[in-house]
Visitor: 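The structure is given below, and queries will be raised subsequently.
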Amino acid sequence: MSPDRLSTKFAALADPTRRAILARLALGETTVTELAEPFDMSLPAVSKHLKVLEHAGLITRGREAQWRPCRIEPYALKDVDDWLEEYRRFWNESFDRLDDYLRTLQAKEKKRGRKK
């Protein structure tokens, strides 16, 4: 049984090297050699990371003459963002309730201060 697309994307995003590659590709398409420059690893190792990202649908690789430009597929992150949105909403609502509670405490403190 193959994992669902969201699980495949999260597995790909779990590695910091792959996230760094995506951050670089967000600036524009580039070659594997250019992507490998900041990393202390071989080109085949970088290619393995690219295969994982490609399998997850997060990047595509083209073919132009002798080089294979890599580009990010930003819409592939949409379902990741949709999944995270539920938790973002949860945290925002929790912070709003905490903010309301703190304002209530501050109002009570002000009232006590005036009565003394």
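Throughout, numbering of the chain's residues begins at 1 and tracks the sequence. In this text, all values refer to a predicted model and were calculated from it rather than measured experimentally.
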Visitor: Supply the atom-to-atom distance Leu50 CG to Arg68 CZ, rounded to the nearest 0.5 angstrom.
Guide: 9.5 Å

Visitor: For Ser42, give me all partners under side chain to side chain donor-acceptor pair (under 3.5 Å), at least two apart in sequence or on another chain.
Guide: none

Visitor: Could you tell me the separation between the CZ atom of Arg18 and the NE2 atom of His49, rounded to the nearest 0.5 Å?
Guide: 6.0 Å

Visitor: Decide, yes or no, whether a salt bridge links Asp100 with Arg103 under the criterion of side-chain N to carboxylate O below 4.0 Å.
Guide: yes

Visitor: For Gly28, does its backbone N or O pair with a side-chain atom of Arg71 as donor and acceptor, under 3.5 Å?
Guide: no

Visitor: Does a side-chain heavy-atom distance below 4.5 Å link Leu58 with Leu13?
Guide: yes

Visitor: Let's go through Lys48 and Asp15 carefully: what are the C-alpha distance in whole Å and the side-chain angles of both, what is the deciding distance for salt bridge (Lys or Arg N to Asp or Glu O under 4.0 Å) to 0.1 Å, and is it a yes or a no?
Guide: CA-CA 12 Å; Lys48 285 183 181 178; Asp15 185 278; over 6 Å; no

Visitor: Search all heavy atoms of Ala12 against all heavy atoms of Leu53 and return the closest pair with its distance.
Guide: CB-CD2, 4.2 Å

Visitor: Could you note down all residue pairs passing side chain to side chain donor-acceptor pair (under 3.5 Å) where residues 50-59 supplies at least one of them, sequence neighbours left out?
Guide: Glu54-Arg61

Visitor: Between Lys9 and Asp4, does any side-chain N to carboxylate O distance fall below 4.0 Å?
Guide: no

Visitor: Assigning hydrophobic clusters by single linkage (Ile, Leu, Val, Met, Phe, Trp, Tyr; side-chain heavy-atom cutoff under 4.5 Å), is Leu43 placed with Ile21?
Guide: yes

Visitor: Measure the CD-CG distance between Glu85 and Asp79 for me, rounded to the nearest 0.5 Å.
Guide: 13.5 Å

Visitor: Say you draw a straight line from CZ of Arg89 to CG of Leu84; how long is it, rounded to the nearest 0.5 Å?
Guide: 11.5 Å

Visitor: Would Leu77 and Tyr87 show up in the same hydrophobic cluster when neighbours are defined by side-chain heavy atoms closer than 4.5 Å?
Guide: yes

Visitor: First locate atom CZ of Arg24, then atom CD of Glu37, and finally report the distance between them rounded to the nearest 0.5 Å.
Guide: 9.0 Å

Visitor: Side chains of Asp81 and Arg88: closer than 4.5 Å at any heavy-atom pair?
Guide: yes

Visitor: Which pairs with one or both residues in residues 6-39 pass ring-ring contact (aromatic ring centres under 6.0 Å, His included), sequence neighbours excluded?
Guide: Phe10-Trp83

Visitor: If you round to the nearest 0.5 Å, how far is CG of Leu25 from SG of Cys70?
Guide: 6.0 Å

Visitor: Indicate yes or no: at least one non-hydrogen side-chain atom of Thr31 is less than 4.5 angstrom from one of Leu35.
Guide: no

Visitor: Can Trp67 be reached from Ile72 by stepping across I, L, V, M, F, W or Y side chains whose heavy atoms are under 4.5 Å apart?
Guide: no

Visitor: Can you tell whether the side chains of Arg112 and Glu109 come within less than 4.0 Å, N to carboxylate O?
Guide: yes

Visitor: So which heavy atom on Arg19 is nearest to which on Ala14, and how close?
Guide: NH1-O, 3.2 Å

Visitor: Any salt bridge linking Lys78 with Asp82? Criterion: basic side-chain nitrogen under 4.0 Å from a carboxylate oxygen.
Guide: yes

